[in-house]
Amino acid sequence: MKLVFATNNEHKLREVQNILGDKFEILSLKDIACVEDIPETADTLEGNALLKAKYVYERYGYSCFADDTGLEVEALDMAPGVYSARFAGSQKNADDNMQKLLSDMNKINNRKARFRTVISLIIDGNEIFFEGIVNGHILETPCGEKGFGYDPVFKPDGYEQSFAQMNANLKNEISHRGRAVARLIEYLNSIEA
């Protein structure tokens, strides 16, 4: 089975290809010559993931999946959420986003947060969603050099390290995206069985 993963992120693509193995052929947007900037104009993670998957399915004819992820902070009414990538502005600068978050959290004691990933799969015209959540809290200062985005300020519950301090295998095993991808794989394996 051929599936397009609607992403331009090479790291995410390789990660998912490795998890799925040889059973499924995962194509990138580049592989199908999709060079357009797919709009993410929905106000939910589910909506954005579906927009990207539908875009590829309707224009290129491939079964497709796409994801969207947000950091949801309890004390900020679950912001930045769907706006996580552009929290500090349309330039989508990860350091600016992290600094804005830390500034907004200054003097706030409730630091509970969660990362949430939603994957939208369109296969033979059917739409299915898969969700992965990891709970944790926002650190007062960034810790670690690995990962990307908010990883240096997010410490998952039950661990002593931020996502940016963990090795990639551990982070992928416990992360929101890892959990959503595991549910996607379980579904794909069930329909191929």
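Remark: Glu140 does not engage Lys107 in a salt bridge, criterion side-chain N to carboxylate O under 4.0 Å. Salt bridge Arg177/Asp67: present, at least one basic N to carboxylate O contact under 4.0 Å. Between Asp104 and Lys100 there is a salt bridge, with a side-chain nitrogen of the basic residue lying less than 4.0 Å from a carboxylate oxygen of the acidic one. Using a cutoff of 4.0 Å between basic side-chain nitrogens and carboxylate oxygens, Glu131 and Arg183 are not scored as salt-bridged. Look at Glu74 and Arg114 and you find no salt bridge, because none of the NZ, NE, NH1 or NH2 atoms lies under 4.0 Å from a carboxylate O.
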- Between Phe163 and Phe148, is a side chain to side chain contact (heavy atoms under 4.5 Å, CB included) present by the stated rule, with each step listed? CA-CA 9 Å; Phe163 269 168; Phe148 58 94; over 6 Å; no
- Task: Quick one: do Tyr60 and Val4 satisfy side chain to side chain contact (heavy atoms under 4.5 Å, CB included)? Show the steps, please.
- Result: CA-CA 10 Å; Tyr60 293 87; Val4 173; over 6 Å; no
- Hey, mind stepping through Asn135 and Lys112 against side chain to side chain contact (heavy atoms under 4.5 Å, CB included) and telling me if it holds? CA-CA 8 Å; Asn135 293 304; Lys112 288 182 188 172; over 6 Å; no
- Where do Ile38 and Leu29 land on the side chain to side chain contact (heavy atoms under 4.5 Å, CB included) test, with the steps shown first? CA-CA 10 Å; Ile38 301 174; Leu29 293 175; 4.1 Å; yes
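No donor-acceptor pair closer than 3.5 Å links the side chain of Thr117 to the backbone N or O of Gly132. Checked by atom type and distance alone, the side chain of Arg111 pairs as donor or acceptor with a backbone atom of Ile138 at under 3.5 Å. Tyr57 places a side-chain N or O within donor-acceptor distance of the main-chain N or O of Gly125, the cut-off being under 3.5 Å.
The distance from the CG atom of Leu13 to the NZ atom of Lys30 is 10.0 Å, given to the nearest 0.5 Å. Atom OG1 of Thr69 sits about 11.0 Å away from atom CD1 of Ile133, to the nearest 0.5 Å. For the atom pair CD1 (Ile128) and CD1 (Ile122), the distance works out to 9.5 Å, reported to the nearest 0.5 Å. Here Ser120 contributes atom OG and Lys52 contributes atom NZ; the two are 10.0 Å apart, rounded to the nearest 0.5 Å. The distance from the CG atom of Asn93 to the CZ atom of Arg86 is 14.5 Å, given to the nearest 0.5 Å. For the atom pair Ser162 OG and Leu139 CG, the distance stands at 6.0 Å (nearest 0.5 Å).
Across all their heavy atoms, Ala75 and Asn110 have their closest contact at CB-O, 3.5 Å. When all heavy atoms are compared, the tightest approach of Ala6 to Val56 is CB-CG2, 4.1 Å. Between Phe130 and Ala180 the shortest heavy-atom distance is CB-O, 3.9 Å. Residue Val118 comes nearest to Ala49 through the heavy atom pair O-CB, 3.7 Å, listed as atom of the first residue, atom of the second, then distance. The shortest heavy-atom contact between Ile32 and Tyr62 is CG2-CE1, 3.5 Å. Gln161 approaches Pro156 most closely through the heavy-atom pair O-CD, 3.4 Å.
Ring pair Phe154/Phe115: centre-to-centre distance below 6.0 Å.
With no hydrogens or angles considered, a side-chain donor-acceptor pair links Ser28 and Asp31 at under 3.5 Å.
The hydrophobic cluster containing Val82 does not contain Phe87, counting ILVMFWY residues as joined when their side-chain heavy atoms lie under 4.5 angstrom apart, directly or transitively. Both Tyr83 and Leu45 are assigned to one and the same hydrophobic cluster, defined by single-linkage of ILVMFWY side chains at heavy-atom distances under 4.5 Å. Each of Leu51 and Leu121 belongs to its own hydrophobic cluster when Ile, Leu, Val, Met, Phe, Trp and Tyr are linked at side-chain heavy-atom distances under 4.5 angstrom. When the side chains of ILVMFWY residues are joined at heavy-atom separations under 4.5 Å, either directly or via intervening members, Val134 and Val181 end up in two distinct hydrophobic clusters. A continuous path of hydrophobic side-chain contacts links Tyr150 to Leu170 [ILVMFWY only; heavy atoms under 4.5 Å].
Leu3 places none of its side-chain heavy atoms less than 4.5 Å from the side chain of Leu27. Considering only heavy atoms from C-beta on, Met166 comes within 4.5 Å of Ile174 through its side chain. In this structure, Glu127 and Lys54 have side chains that are in contact, with non-hydrogen atoms separated by less than 4.5 Å. Between Asn106 and Leu102 there is no side-chain heavy-atom pair separated by less than 4.5 Å. Counting heavy atoms from C-beta on, the side chains of Gln91 and Asp96 come closer than 4.5 Å.
The number of heavy-atom neighbours closer than 6.0 Å to CG of Asn167, taken from other residues, nucleotides and ligands shown, is above 12. Summarising the local packing, CD of Glu145 is surrounded by 12 or fewer heavy atoms from other residues, nucleotides or ligands at distances under 6.0 Å.
Among Leu50, Asn48, Thr44, the one residue that satisfies the side-chain contact (heavy atoms from CB on, under 4.5 Å) test with Glu46 is Thr44.
Between Phe65 and Phe5, the ring planes are parallel. Angles under 30° get that label, and only those over 60° would be called perpendicular.
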